[in-house]
Amino acid sequence: MPANLPPQYLKAELEYRALANPGDRLEKLRELYRMLPKHKGTEKLQSDLKQKMSRLKDEIEGAGPGAKKQGPSHRLPHEGAGRIVLVGPPNAGKSAILAALTNAKPEIAAYPFTTRAPQPGILDYHGVAVQLIDLPAISPDFLESWVPGMIRSADAAILAADLASDDVAEGLDAALDRLAAERVQLVGELPFDDDDESTRHVKTVMAATKIDAPGAADRLEIVREWFGTRFPVLPVSAESGEGLETLREAAYHSLGLLRIYTKIPGRPADRTKPFTVPIGSTVLDLAREVHRDFESSLKFAKIWGSGVFDGQSVKRDHELHDGDIVELHAT
(Lines give C-alpha, C1' and ligand atoms only; values in the text may rest on other atoms or scores of the structure.)
Protein backbone atom coordinates (compact mmCIF):
# COMPACT_ATOMS: atom_id res chain seq x y z
CA MET A 1 0.00 0.00 0.00
CA PRO A 2 1.47 3.41 -0.94
CA ALA A 3 2.38 5.80 1.85
CA ASN A 4 0.54 8.74 0.17
CA LEU A 5 2.33 11.32 2.30
CA PRO A 6 0.77 14.82 2.19
CA PRO A 7 2.86 17.80 0.96
CA GLN A 8 2.82 19.26 4.48
CA TYR A 9 4.54 16.14 5.78
CA LEU A 10 7.26 16.28 3.11
CA LYS A 11 7.89 19.96 3.91
CA ALA A 12 8.12 19.22 7.64
CA GLU A 13 10.52 16.34 6.91
CA LEU A 14 12.87 18.73 5.10
CA GLU A 15 12.67 21.12 8.06
CA TYR A 16 13.53 18.27 10.43
CA ARG A 17 16.65 17.39 8.45
CA ALA A 18 17.89 20.98 8.75
CA LEU A 19 17.60 21.04 12.56
CA ALA A 20 20.60 20.42 14.83
CA ASN A 21 19.24 21.00 18.35
CA PRO A 22 17.95 17.72 19.90
CA GLY A 23 14.96 19.45 21.53
CA ASP A 24 13.91 21.08 18.25
CA ARG A 25 14.36 17.79 16.41
CA LEU A 26 12.17 15.99 18.96
CA GLU A 27 9.35 18.52 18.58
CA LYS A 28 9.55 18.28 14.78
CA LEU A 29 9.40 14.46 15.00
CA ARG A 30 6.26 14.72 17.11
CA GLU A 31 4.78 17.01 14.48
CA LEU A 32 5.69 14.53 11.75
CA TYR A 33 4.08 11.67 13.68
CA ARG A 34 0.83 13.64 14.12
CA MET A 35 0.74 14.44 10.39
CA LEU A 36 1.56 10.90 9.23
CA PRO A 37 -1.44 8.99 7.82
CA LYS A 38 -1.97 5.85 9.89
CA HIS A 39 -2.39 2.81 7.64
CA LYS A 40 -0.54 -0.30 6.47
CA GLY A 41 1.59 1.64 3.99
CA THR A 42 3.11 3.81 6.73
CA GLU A 43 3.75 1.00 9.23
CA LYS A 44 7.54 1.22 8.86
CA LEU A 45 7.55 5.03 8.97
CA GLN A 46 5.48 5.02 12.16
CA SER A 47 7.93 2.65 13.79
CA ASP A 48 10.94 4.68 12.63
CA LEU A 49 9.50 7.94 13.95
CA LYS A 50 8.69 6.46 17.36
CA GLN A 51 12.15 4.95 17.56
CA LYS A 52 13.81 8.29 16.72
CA MET A 53 11.67 10.06 19.31
CA SER A 54 12.64 7.50 21.94
CA ARG A 55 16.35 7.87 21.16
CA LEU A 56 16.20 11.67 21.26
CA LYS A 57 14.36 11.64 24.59
CA ASP A 58 17.03 9.33 26.01
CA GLU A 59 19.74 11.63 24.61
CA ILE A 60 18.14 14.75 26.07
CA GLU A 61 17.52 13.18 29.48
CA GLY A 62 20.99 11.64 29.56
CA ALA A 63 22.62 14.98 28.83
CA GLY A 64 20.87 16.72 31.74
CA PRO A 65 22.80 18.09 34.73
CA GLY A 66 21.42 15.37 37.01
CA ALA A 67 22.35 12.47 34.76
CA LYS A 68 24.52 9.82 36.36
CA LYS A 69 26.38 6.90 34.90
CA GLN A 70 25.01 3.54 35.99
CA GLY A 71 27.65 0.89 35.44
CA PRO A 72 29.29 -0.04 32.13
CA SER A 73 27.80 1.15 28.86
CA HIS A 74 26.25 -1.51 26.63
CA ARG A 75 25.66 0.75 23.65
CA LEU A 76 26.48 -0.75 20.27
CA PRO A 77 26.83 1.18 17.00
CA HIS A 78 24.09 0.42 14.49
CA GLU A 79 25.31 -1.61 11.53
CA GLY A 80 23.68 -2.78 8.33
CA ALA A 81 20.18 -2.08 7.05
CA GLY A 82 18.49 -2.64 10.42
CA ARG A 83 18.81 -3.96 13.96
CA ILE A 84 17.04 -7.09 15.22
CA VAL A 85 17.34 -8.24 18.84
CA LEU A 86 17.04 -11.80 20.17
CA VAL A 87 14.80 -11.87 23.26
CA GLY A 88 13.55 -14.68 25.46
CA PRO A 89 13.53 -16.55 28.78
CA PRO A 90 16.55 -18.51 30.10
CA ASN A 91 17.89 -21.41 28.02
CA ALA A 92 15.63 -20.56 25.07
CA GLY A 93 18.42 -21.07 22.54
CA LYS A 94 19.00 -17.45 21.54
CA SER A 95 22.79 -17.78 21.38
CA ALA A 96 22.50 -20.87 19.19
CA ILE A 97 20.27 -18.94 16.78
CA LEU A 98 22.79 -16.09 16.68
CA ALA A 99 25.60 -18.52 15.88
CA ALA A 100 23.52 -20.30 13.20
CA LEU A 101 22.34 -17.16 11.40
CA THR A 102 25.46 -14.96 11.62
CA ASN A 103 29.24 -14.98 11.76
CA ALA A 104 29.22 -14.51 15.55
CA LYS A 105 30.76 -17.03 17.98
CA PRO A 106 28.82 -16.58 21.24
CA GLU A 107 29.25 -18.78 24.28
CA ILE A 108 26.63 -21.55 24.18
CA ALA A 109 26.00 -23.57 27.33
CA ALA A 110 23.30 -25.67 28.98
CA TYR A 111 23.11 -23.45 32.06
CA PRO A 112 20.89 -20.32 32.14
CA PHE A 113 21.97 -16.67 31.78
CA THR A 114 25.04 -17.49 29.67
CA THR A 115 24.66 -14.16 27.86
CA ARG A 116 25.41 -11.21 30.15
CA ALA A 117 26.28 -8.53 27.56
CA PRO A 118 24.90 -7.79 24.09
CA GLN A 119 26.36 -10.18 21.51
CA PRO A 120 26.20 -8.81 17.95
CA GLY A 121 26.47 -10.59 14.63
CA ILE A 122 25.67 -9.83 10.99
CA LEU A 123 22.83 -11.69 9.28
CA ASP A 124 23.05 -11.74 5.48
CA TYR A 125 19.86 -11.79 3.42
CA HIS A 126 20.55 -11.83 -0.33
CA GLY A 127 23.31 -9.27 -0.02
CA VAL A 128 21.64 -7.15 2.66
CA ALA A 129 23.51 -7.01 5.97
CA VAL A 130 21.32 -6.90 9.11
CA GLN A 131 22.58 -6.51 12.67
CA LEU A 132 21.38 -9.32 14.95
CA ILE A 133 22.01 -8.92 18.70
CA ASP A 134 21.59 -11.59 21.37
CA LEU A 135 20.43 -10.11 24.69
CA PRO A 136 20.51 -11.53 28.24
CA ALA A 137 17.60 -13.77 29.21
CA ILE A 138 14.52 -12.36 30.92
CA SER A 139 12.86 -14.13 33.85
CA PRO A 140 10.29 -13.18 36.50
CA ASP A 141 13.16 -12.35 38.88
CA PHE A 142 15.79 -10.98 36.52
CA LEU A 143 15.97 -8.29 33.86
CA GLU A 144 19.18 -6.40 33.11
CA SER A 145 18.40 -2.69 33.52
CA TRP A 146 19.76 -1.79 30.08
CA VAL A 147 17.92 -4.49 28.11
CA PRO A 148 14.62 -2.56 27.62
CA GLY A 149 16.58 0.36 26.18
CA MET A 150 18.40 -1.94 23.76
CA ILE A 151 15.07 -3.40 22.60
CA ARG A 152 13.68 0.11 22.19
CA SER A 153 16.57 0.90 19.85
CA ALA A 154 15.81 -2.13 17.66
CA ASP A 155 13.88 -2.20 14.42
CA ALA A 156 12.48 -5.68 15.11
CA ALA A 157 12.84 -8.66 17.43
CA ILE A 158 13.00 -12.46 17.45
CA LEU A 159 11.31 -13.94 20.53
CA ALA A 160 12.77 -17.37 21.35
CA ALA A 161 10.47 -20.09 22.77
CA ASP A 162 12.15 -23.16 24.30
CA LEU A 163 10.32 -26.28 23.06
CA ALA A 164 12.49 -28.44 25.31
CA SER A 165 10.88 -26.91 28.41
CA ASP A 166 7.55 -27.92 29.92
CA ASP A 167 7.26 -24.32 31.16
CA VAL A 168 7.72 -22.76 27.72
CA ALA A 169 4.43 -20.80 27.78
CA GLU A 170 4.94 -19.54 31.34
CA GLY A 171 8.51 -18.44 30.51
CA LEU A 172 7.33 -16.46 27.48
CA ASP A 173 4.52 -14.83 29.44
CA ALA A 174 6.95 -13.79 32.17
CA ALA A 175 9.37 -12.22 29.67
CA LEU A 176 6.59 -10.35 27.89
CA ASP A 177 5.13 -9.11 31.18
CA ARG A 178 8.51 -7.84 32.42
CA LEU A 179 9.02 -5.91 29.19
CA ALA A 180 5.47 -4.54 29.22
CA ALA A 181 6.15 -3.17 32.72
CA GLU A 182 9.05 -1.25 31.12
CA ARG A 183 6.69 0.05 28.40
CA VAL A 184 8.14 -2.21 25.71
CA GLN A 185 5.56 -4.24 23.79
CA LEU A 186 6.58 -7.06 21.46
CA VAL A 187 3.90 -7.39 18.77
CA GLY A 188 3.33 -9.38 15.61
CA GLU A 189 1.83 -6.35 13.86
CA LEU A 190 2.48 -2.71 14.67
CA PRO A 191 -0.56 -0.68 15.81
CA PHE A 192 -1.74 2.07 13.50
CA ASP A 193 -3.57 4.29 15.97
CA ASP A 194 -1.39 4.38 19.10
CA ASP A 195 -0.11 7.89 19.89
CA ASP A 196 1.52 6.91 23.19
CA GLU A 197 5.17 7.92 22.75
CA SER A 198 6.17 6.33 26.05
CA THR A 199 5.43 2.78 24.86
CA ARG A 200 7.65 1.27 22.17
CA HIS A 201 6.05 -1.38 19.99
CA VAL A 202 8.59 -3.68 18.34
CA LYS A 203 7.57 -5.94 15.47
CA THR A 204 8.39 -9.52 16.45
CA VAL A 205 8.52 -13.05 15.06
CA MET A 206 8.65 -16.05 17.41
CA ALA A 207 11.32 -18.71 16.92
CA ALA A 208 10.14 -21.96 18.52
CA THR A 209 13.57 -23.46 19.15
CA LYS A 210 14.76 -27.06 19.70
CA ILE A 211 12.02 -28.56 17.51
CA ASP A 212 13.99 -31.84 17.55
CA ALA A 213 13.82 -32.15 21.37
CA PRO A 214 11.68 -34.95 22.91
CA GLY A 215 8.08 -33.76 23.28
CA ALA A 216 8.73 -30.62 21.19
CA ALA A 217 5.82 -31.26 18.81
CA ASP A 218 3.30 -31.25 21.66
CA ARG A 219 4.81 -28.10 23.18
CA LEU A 220 4.74 -26.42 19.78
CA GLU A 221 0.97 -26.89 19.68
CA ILE A 222 0.72 -25.26 23.12
CA VAL A 223 2.85 -22.31 21.97
CA ARG A 224 0.70 -21.86 18.87
CA GLU A 225 -2.47 -22.03 20.95
CA TRP A 226 -1.22 -19.44 23.45
CA PHE A 227 0.70 -17.11 21.15
CA GLY A 228 -0.22 -17.91 17.55
CA THR A 229 -2.67 -15.02 17.30
CA ARG A 230 -0.02 -12.58 18.57
CA PHE A 231 3.10 -13.62 16.65
CA PRO A 232 4.13 -15.66 13.62
CA VAL A 233 5.42 -18.91 15.19
CA LEU A 234 8.34 -20.50 13.31
CA PRO A 235 9.69 -23.89 14.50
CA VAL A 236 13.49 -24.11 14.17
CA SER A 237 16.48 -26.19 15.20
CA ALA A 238 19.88 -24.53 15.39
CA GLU A 239 21.44 -28.01 15.63
CA SER A 240 19.93 -29.56 12.49
CA GLY A 241 19.29 -26.33 10.60
CA GLU A 242 15.56 -27.00 10.25
CA GLY A 243 13.58 -23.82 9.71
CA LEU A 244 16.57 -21.48 9.85
CA GLU A 245 16.19 -20.09 6.33
CA THR A 246 12.49 -19.45 6.95
CA LEU A 247 13.45 -17.59 10.15
CA ARG A 248 16.14 -15.62 8.30
CA GLU A 249 13.58 -14.52 5.68
CA ALA A 250 10.90 -13.67 8.27
CA ALA A 251 13.37 -11.69 10.36
CA TYR A 252 14.45 -9.64 7.35
CA HIS A 253 10.87 -8.97 6.22
CA SER A 254 9.96 -7.78 9.72
CA LEU A 255 12.13 -4.74 8.98
CA GLY A 256 9.70 -3.54 6.30
CA LEU A 257 12.41 -2.90 3.72
CA LEU A 258 12.73 -3.08 -0.07
CA ARG A 259 15.88 -4.26 -1.85
CA ILE A 260 16.59 -1.96 -4.80
CA TYR A 261 19.39 -2.47 -7.32
CA THR A 262 20.93 0.38 -9.29
CA LYS A 263 22.59 0.57 -12.67
CA ILE A 264 24.63 3.06 -14.67
CA PRO A 265 23.33 3.78 -18.20
CA GLY A 266 24.82 1.30 -20.66
CA ARG A 267 26.04 -1.08 -17.93
CA PRO A 268 24.51 -4.12 -16.19
CA ALA A 269 22.83 -3.70 -12.83
CA ASP A 270 24.97 -4.01 -9.71
CA ARG A 271 23.42 -6.97 -7.89
CA THR A 272 26.14 -7.33 -5.25
CA LYS A 273 25.01 -4.66 -2.76
CA PRO A 274 21.37 -3.55 -3.03
CA PHE A 275 20.16 -0.33 -1.47
CA THR A 276 17.43 -0.70 1.14
CA VAL A 277 14.52 1.71 1.57
CA PRO A 278 11.27 1.43 3.57
CA ILE A 279 8.21 -0.11 1.90
CA GLY A 280 6.28 2.69 0.20
CA SER A 281 9.44 4.56 -0.88
CA THR A 282 9.68 6.39 -4.18
CA VAL A 283 12.38 6.94 -6.77
CA LEU A 284 13.23 10.21 -5.02
CA ASP A 285 13.68 8.40 -1.69
CA LEU A 286 16.14 6.03 -3.36
CA ALA A 287 17.96 8.94 -4.97
CA ARG A 288 18.54 10.47 -1.52
CA GLU A 289 20.12 7.19 -0.39
CA VAL A 290 22.42 7.02 -3.41
CA HIS A 291 23.68 10.62 -3.13
CA ARG A 292 22.31 13.73 -1.46
CA ASP A 293 22.85 15.82 -4.62
CA PHE A 294 20.30 13.68 -6.45
CA GLU A 295 17.50 15.17 -4.35
CA SER A 296 17.66 18.42 -6.30
CA SER A 297 19.15 17.23 -9.60
CA LEU A 298 17.10 14.06 -10.26
CA LYS A 299 15.08 14.40 -13.47
CA PHE A 300 13.62 10.92 -14.02
CA ALA A 301 14.49 7.23 -13.72
CA LYS A 302 14.25 4.06 -15.77
CA ILE A 303 12.86 0.95 -14.08
CA TRP A 304 13.14 -2.78 -14.59
CA GLY A 305 10.80 -4.63 -12.25
CA SER A 306 7.21 -4.96 -11.01
CA GLY A 307 4.35 -3.20 -12.78
CA VAL A 308 6.46 -1.67 -15.57
CA PHE A 309 7.93 -2.74 -18.88
CA ASP A 310 11.70 -3.12 -18.98
CA GLY A 311 13.43 0.24 -19.07
CA GLN A 312 10.24 2.25 -18.58
CA SER A 313 10.81 5.93 -17.75
CA VAL A 314 9.12 7.02 -14.52
CA LYS A 315 8.83 10.21 -12.51
CA ARG A 316 10.42 11.02 -9.17
CA ASP A 317 7.27 10.01 -7.24
CA HIS A 318 7.05 6.50 -8.74
CA GLU A 319 6.64 3.92 -5.95
CA LEU A 320 9.29 1.21 -5.83
CA HIS A 321 8.88 -2.56 -5.38
CA ASP A 322 11.20 -5.16 -3.94
CA GLY A 323 13.87 -6.26 -6.42
CA ASP A 324 13.41 -3.30 -8.79
CA ILE A 325 16.40 -2.20 -10.87
CA VAL A 326 16.64 1.59 -11.11
CA GLU A 327 18.68 3.79 -13.43
CA LEU A 328 18.74 7.37 -12.15
CA HIS A 329 18.99 10.31 -14.56
CA ALA A 330 19.97 13.75 -13.26
CA THR A 331 20.17 17.15 -14.91
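Just so it is clear, the structure is predicted and the values come from calculations on it, not from any experiment.
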**Request:** Under 4.5 Å between side-chain heavy atoms, chaining through other members, with only Ile, Leu, Val, Met, Phe, Trp and Tyr counted: pull out the rest of the cluster around Y261, sorted by chain and number.
**Result:** W304, I325
**Request:** Could you identify which residues cluster with L14, counting Ile, Leu, Val, Met, Phe, Trp and Tyr as linked when any side-chain heavy atoms lie under 4.5 Å apart, either directly or through a chain of such contacts?
**Result:** none
**Item:** Pairwise distance CD(E182) to OG1(T199) - rounded to 0.5 angstrom
**Value:** 11.0 Å
**Prompt:** Does any N or O in the side chain of D212 come within less than 3.5 Å of the main-chain N or O of E239, such that one atom is a donor and the other an acceptor?
**Reply:** no
**Request:** May I ask you to decide if L19's main-chain N or O and R25's side chain share a donor-acceptor pair within less than 3.5 Å?
**Result:** yes
**Listed once per pair and sorted, the salt bridge (charged side-chain N to carboxylate O under 4.0 Å, His left out) pairs that draw on residues 224-233, sequence neighbours left out** = E221-R224
**Asked** Is there a donor-acceptor pair closer than 3.5 Å between any side-chain N or O of R259 and the backbone N or O of G323?
**Response** no
**Request:** Using modelled atom types only, decide if a donor and an acceptor are shared between the side chain of T102 and the backbone of A99 within a distance under 3.5 Å.
**Result:** no
**salt bridge (charged side-chain N to carboxylate O under 4.0 Å, His left out) contacts touching residues 270-285 (sequence neighbours left out)** = D285-R288
**Asked** According to the interplanar angle, ranging from 0 to 90°, do the rings of Y125 and H253 count as parallel (below 30°), tilted (30 to 60°) or perpendicular (above 60°)?
**Response** perpendicular
**Item:** Set of salt bridge (Lys or Arg N to Asp or Glu O under 4.0 Å) partners for E79, sequence neighbours left out
**Value:** none
**Request:** Determine yes or no for a side-chain-to-main-chain donor-acceptor pair under 3.5 angstrom, with T209 supplying the side chain and A92 the backbone.
**Result:** yes
Which side-chain N or O atoms in residues 154-170 pair as donor and acceptor under 3.5 Å with protein atoms at least two apart or in another chain?
residue	atom	partner	partner atom	Å
D155	OD2	R83	N	2.7
D162	OD1	A164	N	2.9
D162	OD1	K210	NZ	3.3
S165	OG	D167	N	3.0
D166	OD1	R219	NE	3.0
D166	OD1	R219	NH2	2.9

